[in-house]
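In what follows, every heavy atom counts, from backbone to side chain, and hydrogens, waters and symmetry copies are set aside. One-based numbering along the sequence shown.
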Amino acid sequence: MAVMRWLGLVLSLAVALAASDIAAQTRKDFQIPAEYDSYMAALNTRDPARRATAMEVFIAWYPGSTLRTEAFEQAIAAWQAASQPAKADVVAARLLQIDPDNVRALANRAYTGRTSAVAGDAAALPPAVAAAERGLLVLPKWQKPVLLTDTAFARVKEQMAGVFNGTLGFAALQAKDYDNARRYYRLSVAAEPDNLQDVYQLAVAHLEGTPLDAHGFWYAARAIAIARAVKNAAAATDIDRYVRSRYRIYRGSEEGWNELVARVVAGERAPPAN
């Protein structure tokens, strides 16, 4: 599910943020020790909503701080952790005015905009697409935080790319541009194979195109397997109902469908070569 994907992203962001340059600094490195104290007090606030607010207060008190970017990023992550995506998006927009290529802010804008578009806010999709396109452009140039391992940084970048590609895949699917939808979703699913939303929408992109691409049946079965694994019976039932209708048109009957689902639920992780 999209929420699960974001939770994984937030955890990775927290690791990256914790390994930022602040880890290499001490109170004596600051001309104004109260600046360091204020940041650390905000950083160590356990409640995410209060931590986000404290970071925004820090930004207001110390607009010229060397920790300003980290404070913005911490506020974004904290508002997301507090289930306040709209507030996170406001902070992300402010950060992008200062740093248009900030990867974390671009990922937040892409994710939040897509989520709003899924909920029916069509106006949220174009800014999300713009953020996703820019994010993919600048991601290769993103500098690794000093104390983050190469492996951890590669994973964070992979997750970011998954967010950007998933957003662009969704936009292409909405425009019935099935070729591009498949292209973007393959990349997002490669980054997050258990993302129910993207796996299912990749299936739809295969099954709604002309001609129908039978790989969509496998991805649909995979989406059902994911939904069952997270005990989302309603989603599994809805996906099964939709795909059976497409399968009957394609095969002339439902023969083989239940067997395919059973195989994927049992652990098949990629479509067969044939």
Kindly indicate, with the supporting measurements, whether the criterion side-chain contact (heavy atoms from CB on, under 4.5 Å) is fulfilled by R104 and M160.
CA-CA 8 Å; R104 296 184 184 96; M160 294 288 192; 3.8 Å; yes
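- A229 meets the side chain to side chain contact (heavy atoms under 4.5 Å, CB included) test with no other residue; sequence neighbours excluded.
- Residues satisfying the side chain to side chain donor-acceptor pair (under 3.5 Å) test with D101, not counting sequence neighbours, are R134.
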Passes salt bridge (Lys or Arg N to Asp or Glu O under 4.0 Å), R183 versus D177? Steps please.
CA-CA 10 Å; R183 177 167 65 89; D177 180 358; over 6 Å; no
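- Note on I98: it does not cluster hydrophobically with V90, by side-chain heavy-atom contacts below 4.5 Å among ILVMFWY residues.
- Taking the side chain as every heavy atom from C-beta outward, K144 and K157 never approach each other to under 4.5 Å.
- A salt bridge does not link D240 to R228: none of the charged nitrogens lies less than 4.0 Å from a carboxylate oxygen.
- R109 contributes no side-chain N or O that, together with a main-chain N or O of A128, makes up a donor-acceptor pair within less than 3.5 Å.
- N165 CG to D198 CG: the interatomic distance, rounded to the nearest 0.5 Å, is 9.5 Å.
- Annotation: side chain of T45 is not in contact with side chain of T53 (no heavy-atom distance under 4.5 Å).
- Side-chain contact between F164 and S188: absent, with no pair of heavy atoms (C-beta onward) separated by less than 4.5 Å.
- Between A49 and A82 the shortest heavy-atom distance is N-CB, 3.8 Å.
- Within 6.0 Å of CZ in R50 there are 12 or fewer heavy atoms belonging to other residues, nucleotides or ligands.
- Checked against ring pair (Phe, Tyr, Trp, His ring centres under 6.0 Å), Y242 has no partners two or more places apart in sequence or in another chain.
- You'll find the side chain of L106 stays beyond 4.5 Å of the side chain of N102, heavy atoms only.
- With a 6.0 Å radius and a threshold of 12 heavy atoms from other residues, nucleotides or ligands, E259 has its CD atom above the threshold.
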Decide side chain to side chain donor-acceptor pair (under 3.5 Å) for R244 and N258; before the verdict, give the C-alpha distance in whole Å, the side-chain angles of both, and the deciding distance to 0.1 Å.
CA-CA 10 Å; R244 280 180 187 272; N258 288 334; 2.6 Å; yes
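- For the residue pair W79 and Q74, no side-chain donor N or O sits within less than 3.5 Å of a side-chain acceptor on the partner.
- Salt-bridge check for E254 with R248: passed, with a basic side-chain N closer than 4.0 Å to an acidic carboxylate O.
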Test side-chain contact (heavy atoms from CB on, under 4.5 Å) on V243 and W257 and set out the steps.
CA-CA 9 Å; V243 179; W257 170 244; 3.4 Å; yes
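- A heavy-atom distance below 4.5 Å is not found between the side chains of I224 and V264.
- Here the closest non-hydrogen pair linking L125 and A117 is CB-CB, 4.0 Å.
- Among residues two or more places apart in sequence or in another chain, the side chain to side chain donor-acceptor pair (under 3.5 Å) test is passed with Y247 by R251.
- The minimum heavy-atom distance linking A214 with Y250 is given by the pair CB-OH, 3.6 Å.
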Salt bridge (Lys or Arg N to Asp or Glu O under 4.0 Å) evaluation trace for R94 with D99:
CA-CA 9 Å; R94 289 174 58 197; D99 180 7; over 6 Å; no
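- Residues E158 and A190 share a closest heavy-atom pair of OE2-O, 4.0 Å.
- If you chain together hydrophobic residues whose side chains sit under 4.5 Å apart, L187 and V199 never meet in one group.
- Residues L173 and K176 have side chains not in contact (no heavy-atom distance under 4.5 Å, counting atoms from C-beta outward).
- Judged by distance alone, the side chain of D89 and the main-chain N or O of P85 form no donor-acceptor pair under 3.5 Å.
- Side-chain contact annotation: R114 with Q197, donor-acceptor N/O pair under 3.5 Å present.
- When side chains are defined from C-beta on, V189 does not count as touching R222, because their heavy atoms never get closer than 4.5 Å.
- A salt bridge is defined here as a Lys NZ or Arg NE, NH1 or NH2 lying under 4.0 Å from an Asp or Glu carboxylate O, and D194 with R269 meets this definition.
- In this structure, V91 and A75 approach most closely via the heavy-atom pair CG1-CB, 4.0 Å.
- Residues T167 and Y111 fail the side-chain proximity criterion, which asks for heavy atoms closer than 4.5 Å.
- A centroid separation of 6.0 Å or more is found between the aromatic rings of F170 and Y184.
- Within the structure, the ring pair (Phe, Tyr, Trp, His ring centres under 6.0 Å) test picks out the following pairs touching residues 196-216 (sequence neighbours left out): H206-Y219.
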Give the intermediate values and the outcome of side-chain contact (heavy atoms from CB on, under 4.5 Å) for residues N108 and L95.
CA-CA 11 Å; N108 185 85; L95 177 52; over 6 Å; no
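- In this structure, T112 OG1 and Q80 CD are separated by 4.5 Å, a value rounded to the nearest 0.5 Å.
- Looking at R51, its side chain never comes within 3.5 Å of a backbone N or O of A78 through a donor-acceptor pair.
- In plain terms, the two heavy atoms of G216 and A203 that are nearest each other are O-CB, 3.4 Å.
- Looking only at atom types and distance, the side chain of Q201 has a donor-acceptor partner in the side chain of Y185 under 3.5 Å away.
- With sequence neighbours left out, F58 forms a side chain to side chain contact (heavy atoms under 4.5 Å, CB included) with E35, S38, Y39, Y62, S65, L67, A71.
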